[in-house]
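Reading through the structure tokens given below for one structure.
If you read the sequence from its start, that first residue is 1, and numbering goes on from there.
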Amino acid sequence: MRAIRQATRLARRVRERLPAHLPAHLPERLRARVPARLRVPARLRVPARLPRPLLVTLGCLPGLAAALALPLCAGGIEHAATAAAAARALHSAGSRPATAHLAPRPYVVPRSVWLADPADPAGLAARSQPPPRHDDKVVAVFVHHTDSPNGYDCADAPRIIRHLYTGQTGARGWDDIGYNFLVDRCGTVYEGRAGGIDRAVTGAHTQGFNHRTAGVAALGTFTAGAAVPQPMVDAIAAVAAWKLGRSGVDPRSTVRLTSSNSQSRFAAGTTVLLPALAGHRDGFMTTCPGAALAERLPEIRRTAARLQGRTSFPAFTGMP
């Protein structure tokens, strides 16, 4: 359109000046009637008669400009359509949940296995269980240790979990075991708190930060100098990758969490940035999960990210 306007102005300018150019053969009295603003200096005047080819060219200028403008116009329309399509795609992608980095779900032993006590078949399994509470998603995982002996046989893990359950629901008066998952030294993952392993079950593992989080407990005590079995480390990473991947959270990122209890490290209502894969001590005043296991958290984050198929380092997510 700009080229058309320029060509039109040029043709109009030529037509306006033709009377001042041509009257070389007219009487002086007619020449005097041409307004001064339209008179062209002698050095710029063209011959009285313009060559016919030039006149034809001048007459065709608007059409030529229009023809030249058509590809530009078409290109502009195509560019605008492409930009609009890209914008729609971005909007659509932003409105969909991030599922590009889902990790496989590890095998999880159901809670019915550790609830079944051979010495008391009608005991814990028959216990009345209050309805579970759920959040909309899991955006952070807290790692714990159970502060129990390390030298156990892996086949004895169900009994240890059962003991933890009776302690938390008995002496502490909780409605269920606090951890969402428990991992033994051989890397076996057990379902903890009731409510469904595929759902965002509200746990009781990190005071002030139980909402939108999952608690994974390592069976044992992992203070400074203790050996953390590699199968346990890998299993914790697998659980974290799976749970965080369902919400599109990179295990190496940081997230915003809001404290719900002033007995945590932060006053109730305070929004803080915490690692998406954190230790218990990041949210509560404790030494849990122990210095030895805390030292393995960077490795666990990297392994979890790899299980999600991530290669580049994450930017700050700040996911609520």
* Got more than 12 heavy atoms from elsewhere within 6.0 Å of NE2, His163? -> no
* Would you please name every residue forming a ring-ring contact (aromatic ring centres under 6.0 Å, His included) with Tyr165, sequence neighbours left out? => Trp114
* Interatomic spacing from CD1 in Ile177 to CD in Glu191 - rounded to 0.5 Å -> 10.5 Å
* Asked: For the side chain of Asn180 and the backbone of Gly192, is there at least one donor-acceptor N/O pair under 3.5 Å apart?
  -> no
* To do: Answer with yes or no whether the hydrophobic clustering places Val143 together with Ile161; edges join I, L, V, M, F, W, Y residues whose side-chain heavy atoms lie under 4.5 Å apart.
  => yes
* Exam field: side chain Arg301 to backbone Leu277, donor-acceptor pair closer than 3.5 Å -> yes
* Asked: Under 4.5 Å between side-chain heavy atoms, hopping through other hydrophobics if needed: is there a path connecting Tyr107 to Leu307?
  -> no
* How long is the gap from OG1 on Thr146 to OH on Tyr179, to the nearest 0.5 Å? -> 6.0 Å
* Test applied, side chain to side chain contact (heavy atoms under 4.5 Å, CB included); reference residue, Leu219; option that passes from Asp147, Leu164, Val183 -> Leu164
* Do the ring centers of His205 and His280 come within less than 6.0 Å of each other? -> no
* **Flag if over 12 foreign heavy atoms under 6.0 Å of CD, Gln230** => yes
* Is there a path from Phe142 to Phe284 through hydrophobic residues (I, L, V, M, F, W, Y) whose side chains come within less than 4.5 Å of each other? -> no
* To do: Please determine if Arg302 and Glu299 form a salt bridge, counting it only when a charged side-chain N lies under 4.0 Å from a carboxylate O.
  => no
* Please tell me if the side chains of Cys288 and His145 come closer than 4.5 Å, counting only heavy atoms from C-beta onward. => yes
* Structure fact -> Paired with Arg212, the side chain to side chain contact (heavy atoms under 4.5 Å, CB included) test is passed by just one of Val138, Asp136, Val255, namely Asp136
* Would you indicate whether the side-chain heavy atoms of Asp250 and Arg310 approach each other to under 4.5 Å? => yes
* Keeping the roles fixed (side chain from Thr303, backbone from Ile300), state whether a donor-acceptor pair exists under 3.5 Å. => no
* Is any NZ, NE, NH1 or NH2 atom of the basic residue among Asp175 and Arg193 found under 4.0 Å from an Asp or Glu carboxylate oxygen of the other? -> yes
* **Salt-bridge criterion met for Asp282 and Arg265 (N-O under 4.0 Å)** => no
* Any side-chain heavy atom of Val239 within less than 4.5 Å of one from Val141? -> no
* If only atom types and distance count, is the side chain of Gln308 paired as donor or acceptor with the main-chain N or O of Leu102 below 3.5 Å? -> no
* To do: Salt-bridge test for Arg185 and Asp156: reply yes if a basic N is under 4.0 Å from a carboxylate O, no otherwise.
  => no
* Point-to-point distance, once rounded to the nearest 0.5 Å, from OG of Ser264 to CG of Leu257 -> 10.5 Å
* To do: Describe, in one word, how the ring planes of Phe266 and Phe209 are oriented to each other, choosing from parallel (under 30°), tilted (30 to 60°) and perpendicular (over 60°).
  => perpendicular
* Counting only N and O atoms by type, is there a donor-acceptor contact under 3.5 Å from the side chain of Lys243 to the main-chain atoms of Ala200? -> no
